[in-house]
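A short worksheet on the structure shown next.
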Amino acid sequence: HYDSTWFAINGVDLNRLMVVSGLEMGEQYVDVYHDVLLSGEVCIVVIDSIASIIPADTVNKSAEDNEKMAARAKIVNRLCSSFTTCKHNSSSAGRHIPMSLWVNQLRNSMAMYGDPTTLPGGNFQQFLAHARVLFRKPKITMGKDPVNGFEVPMYKTYDFKIEKAKGGLFFDKGAYN
């Protein structure tokens with residue numbers, strides 16, 4: 001969910017921030033994403049999270065109905081195709097295409113061999129990505145609270161690894177607090 005305090009603490013100018021939330025179906029997110037990309041009014045588009053984009057077929061069906069195979073992958077592929085189309089149309093028209101940052105979660109794969117993790121929404125997003133950064137669960141550093149002396153979390157250290165970079169790497173892993 002959107003937390004304006006967190007964004008302000010991290011240096012985001014809230015007067016220049018557009019938040020789209022509350023849409024019910026994945027198709028609506030794809031349409032809004034497409035329109036925002038073509039508007040030329042934004043520099044960065046963040047989708048948080050890809051795993052929460054649910055197709056209309058899934059939303060409108062009863063739990064007893066059989067779900068179509070790869071329904072989420074199809075909607076994410078439509079999102080990827082929308083980005084690719086906007087990118088080509090904008091570059092040929094001489095317009096700026098905003099940077100897109102997609103947040104997703106790793107899931108356990110059902111595959112017997114190979115990588116034990118997978119991304120909700122299929123592989124197209126991995127092929128389309130210019131860079132792919134994997135963040136791990138944070139390490140929590142504890143310390144004493146100066147007021148009551150109890151042991152409390154002081155800060156979190158996030159480790160990350162760059163798994164893909166089409167533009168070359170200056171480094172491939174690191175950490176930040």
Side-chain angles (χ1 to χ4, degrees), residues 1-56 58-59 70-91 93 95-107 117-139 155-177:
H1 83 353
Y2 169 69
D3 181 2
S4 61
T5 306
W6 184 87
F7 277 91
I9 288 171
N10 286 286
V12 174
D13 182 357
L14 299 179
N15 295 324
R16 299 180 60 195
L17 179 68
M18 175 187 354
V19 177
V20 177
S21 64
L23 302 178
E24 294 178 11
M25 296 169 222
E27 288 81 0
Q28 293 171 317
Y29 281 104
V30 172
D31 292 340
V32 169
Y33 179 69
H34 183 83
D35 293 342
V36 167
L37 287 179
L38 289 178
S39 73
E41 296 177 12
V42 296
C43 294
I44 300 172
V45 178
V46 179
I47 299 178
D48 184 12
S49 97
I50 296 295
S52 68
I53 297 175
I54 301 170
T58 305
V59 172
R72 182 167 290 160
K74 289 177 184 175
I75 194 73
V76 171
N77 285 349
R78 197 173 309 161
L79 190 71
C80 293
S81 296
S82 179
F83 176 76
T84 304
T85 302
C86 290
K87 181 178 170 185
H88 291 301
N89 290 345
S90 294
S91 63
R95 290 189 313 238
H96 167 75
I97 183 78
M99 180 180 83
S100 286
L101 177 65
W102 296 5
V103 180
N104 206 343
Q105 299 97 22
L106 289 175
R107 304 292 164 123
T117 60
T118 188
L119 291 173
N123 288 327
F124 192 176
Q125 57 193 309
Q126 293 183 66
F127 302 131
L128 181 65
H130 182 77
R132 189 165 172 234
V133 183
L134 178 66
F135 290 88
R136 290 292 178 192
K137 194 174 181 178
K139 296 174 192 148
Y155 62 90
K156 297 177 182 179
T157 301
Y158 294 86
D159 292 327
F160 64 89
K161 178 182 174 189
I162 300 173
E163 293 193 336
K164 175 183 179 181
K166 291 181 181 176
L169 286 176
F170 293 111
F171 56 90
D172 62 352
K173 57 186 169 183
Y176 70 93
N177 295 331

Worksheet item: Name the one of L134, V133, D172 that satisfies side-chain contact (heavy atoms from CB on, under 4.5 Å) with F160?
Response: V133
Fill in: Partner residues of Y176 under the ring pair (Phe, Tyr, Trp, His ring centres under 6.0 Å) criterion, sequence neighbours left out
Y158
Worksheet item: If you look at every heavy atom in A129 and K164, which pair is closest and at what distance?
Response: O-NZ, 2.9 Å
Fill in: With sequence neighbours excluded, residues passing salt bridge (charged side-chain N to carboxylate O under 4.0 Å, His left out) with E163
R132
If you look only at distance, which donor and acceptor atoms sit under 3.5 Å apart when one is on a side chain in residues 8-21 and the other is two or more places apart or in another chain?
residue, atom, partner, partner atom, Å
N10, ND2, W6, O, 2.8
D13, OD1, N15, N, 3.1

Worksheet item: Residues in side chain to side chain contact (heavy atoms under 4.5 Å, CB included) with N123, at least two apart?
Response: Q126, F127
Practice prompt. For D35, enumerate each residue passing the salt bridge (charged side-chain N to carboxylate O under 4.0 Å, His left out) test, keeping only those at least two apart in sequence or located in another chain.
Written response: none
Worksheet, complete the sentence: Residues at least two apart in sequence or cross-chain that pass salt bridge (charged side-chain N to carboxylate O under 4.0 Å, His left out) with K139, listed by chain then number, are D159
Practice prompt. Indicate the atoms forming the closest heavy-atom contact of Y33 with S100, along with that distance.
Written response: OH-OG, 2.6 Å
When the side chains of residues 40-52 are checked against the rest of the protein, which donor-acceptor pairs come out under 3.5 Å, sequence neighbours left out?
residue, atom, partner, partner atom, Å
S49, OG, A51, N, 3.3
S49, OG, S52, N, 3.4
S49, OG, Q105, NE2, 3.3
S52, OG, S49, O, 2.7

Fill in: Residues which pass salt bridge (charged side-chain N to carboxylate O under 4.0 Å, His left out) with R136, listed by chain and number, not counting sequence neighbours
none
Worksheet item: With sequence neighbours left out, what residues match A70 under side chain to side chain contact (heavy atoms under 4.5 Å, CB included)?
Response: A73
Item to complete: Tell me, please, which residues at least two apart from T117 pass side chain to side chain contact (heavy atoms under 4.5 Å, CB included).
Response: L106, D115
Item to complete: Output all residues satisfying side chain to side chain donor-acceptor pair (under 3.5 Å) with N77, sequence neighbours left out; order by chain, then residue number.
Response: none
Practice prompt. Could I get the full list of side chain to side chain contact (heavy atoms under 4.5 Å, CB included) partners for K137, not counting sequence neighbours?
Written response: none
